[in-house]
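Here is the structure we will look at, set down as structure tokens.
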Amino acid sequence: MPEVRDRYAPSPTGALHLGGARTALFNYLFARQQRGQFLLRIEDTDRVRFKEGSQALIEEGLQWLGLSWDEPPIVQSTRKPIYQQAAEGLLASGAAYRCFCTPERLNEMRADQRARKEPERYDRRCRAIPPEEAQRRADAGERFVIRQAIPLDGTTTLHDLVMGTVTFQNASLDDHVLLKSDGYPTYHLAFAVDDHESRISHVIRGDGWLPSAPKHLLLFEAFHWDAPAFAHLPLVLGADKKPLAKRHGAKDVLEYREAGYLPEAVVNFIAFLGWSPGTTEDILTMDQLIEQFRSDKIQSSPAIANLERLDWLNGQFIRRLAPDELARRIAEGMPGVSVDALIPLIPLIQERLRTLNEAHEMLQFFFEDPTSYAGKPLVPKGRDAVQTVDALARVRSAISPLTEWTVGVLEPVLRSTAEQIGWPAKDLFMTLRVAITGRTVTPPLIESMGRLGKARVLERLTRAAAAVDPTSA
RNA sequence: GGCCCGUUCGUCUAGUUGGCCUAGGACGCUGCCCUCUCAAGGCAGAAAUCAGCGGUUCGAAUCCGCUACGGGCUACCA
């Protein structure tokens, strides 16, 4: 059996969005599972849409997701002569021809076709030019493109791994351009030449290419090359049901990294966009995905990316992380805070996080004193300032003699203090929470006090007491 | 207009060799439990007449046809 080799072939016109990432992931999973190779190719033959820096961004996105490629990427713009040579071969065999039609004539032709409600297609005028004459005009410096000479009749059948068998009438196919007048190939030519040269066995790409797949099959035939197998992937849509690829707001995968998402979660999320293992499992690691991936389980209908699910998945993966690993990842986003300082705090927040970034705010009070209690309910409902200051003082004197500073000794002391002053423990805890953290929503209070240490707790209690507004009822 | 593809809870999906589907799971949502706040976790629940119609069949989400709707392509873009 021939070796499996596939590839992700983005054009560097922007960053890597979720849809592109999914195409890359499916190629990667398939290649890894088949013990084959996964390649990267940069399709930069469109010099107009080309964006500087895009390739680096795409590569960084892929690396972040853990999709490593096995050979240095082919960059198409560096291979112009190779495509030209291939096109000339086609010219010689009659599978392609030179076209001298100007853009103006093409526009007029299409306008006419539209007016007559005919299919808009190249009318093949130049296909009738004798090759010698075409050669002469080319030699004389006339601008031309090279078009594929599609068979006038018959059918072409594609056996797609996802879409099944699709048959096209050759008569409905256009003589599309293979080589542009600037000497660059179009996608079609470059694709065939490169995939052949790279010995690609499986082409897994977006289903936008499905309509041109028969032309690609015909091209391979014209070259007398074996065609690869095809799998066309349905679109990934945004919440607005518009294809991600077409939206201006399509997010770069690296933005998910900035927002505190784990690459494991993003991978899991996009894997299930149009694919499922056929079981009820929904949290899979990359290794499990590799093992379970099957191209025939790919959905043939488009999928809408439901970001709420990504949030949930992210929380799941965060909870599965080893505590020191979680600390490491959180520290990356918290300049000035060491991994070691974070490790003891992890148990307090690990099961509360949905994104890494939430840890920053959740943990802030460990690293800086509350700056203000304005607007915070230091005084419980039904109590007044005097009672609150008194409660704070009672807690202070109850805990300051403590020689052992653990949850086990703190909790009973705090509860009995609440009882002594006649407050429900809930109320006392909230007052303490606000006093010590400056917040109403925090990790568990007593554990937090334990980690903060006695000195800092006592100090904050004093400051809070001083901040209680005496005019509050 | 032409050529293709698609259509199961709001969303991701299971279902693919027709009966085990009075359609299963997950996210989200609602309620309850747990509880020092918030989460997490546990339990329960609402939610798809399987796009519609017509066939085939003892029996169809699963097979066939038509219709509707959605989408892609229709560039010297990829």
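By convention in this document, chain letters (A, B, ...) are assigned in the order of the sequence lines, proteins followed by strands, and residues within each chain are numbered from 1. Bear in mind the structure is a predicted one, so any value in this text is a computation, not a measurement.
For A:E447 against B:C36, a side-chain N or O and a base N or O form a donor-acceptor pair under 3.5 Å. The base of B:C38 is paired with the side chain of A:R352 by a donor and an acceptor separated by under 3.5 Å. Within 3.5 Å, no donor on the side chain of A:T186 pairs with an acceptor on the base of B:C76, nor the reverse.
Heavy atoms of A:L445 sit under 4.0 angstrom from at least one base atom. At a threshold of 4.0 angstrom between heavy atoms, the contacts of A:T45 are confined to the sugar-phosphate backbone, with no base atom among them. No contact: A:Q169 has no heavy atom under 4.0 Å from any strand. As judged by a 4.0 angstrom heavy-atom cut-off over every strand, A:R354 is placed among residues touching the sugar-phosphate backbone only. Residue A:P103 is in base contact, counting any heavy-atom pair closer than 4.0 Å across all strands shown.
The side chain to side chain donor-acceptor pair (under 3.5 Å) with A:D195 is formed by just one residue from the set A:R41, A:H202, A:H216; it is A:R41.
Considering only the side chain of A:W312, B:C27 comes nearest among B:C36, B:A78, B:C27.
When the side-chain nitrogen and oxygen atoms of A:K117 are compared with OP1 and OP2 of B:G2, none of them lie within a distance under 4.0 Å. Residue A:S276 has no polar side-chain atom (N or O) positioned under 4.0 Å from OP1 or OP2 of B:C12.
A centroid separation of less than 6.0 Å is found between the aromatic rings of A:W275 and A:F293.
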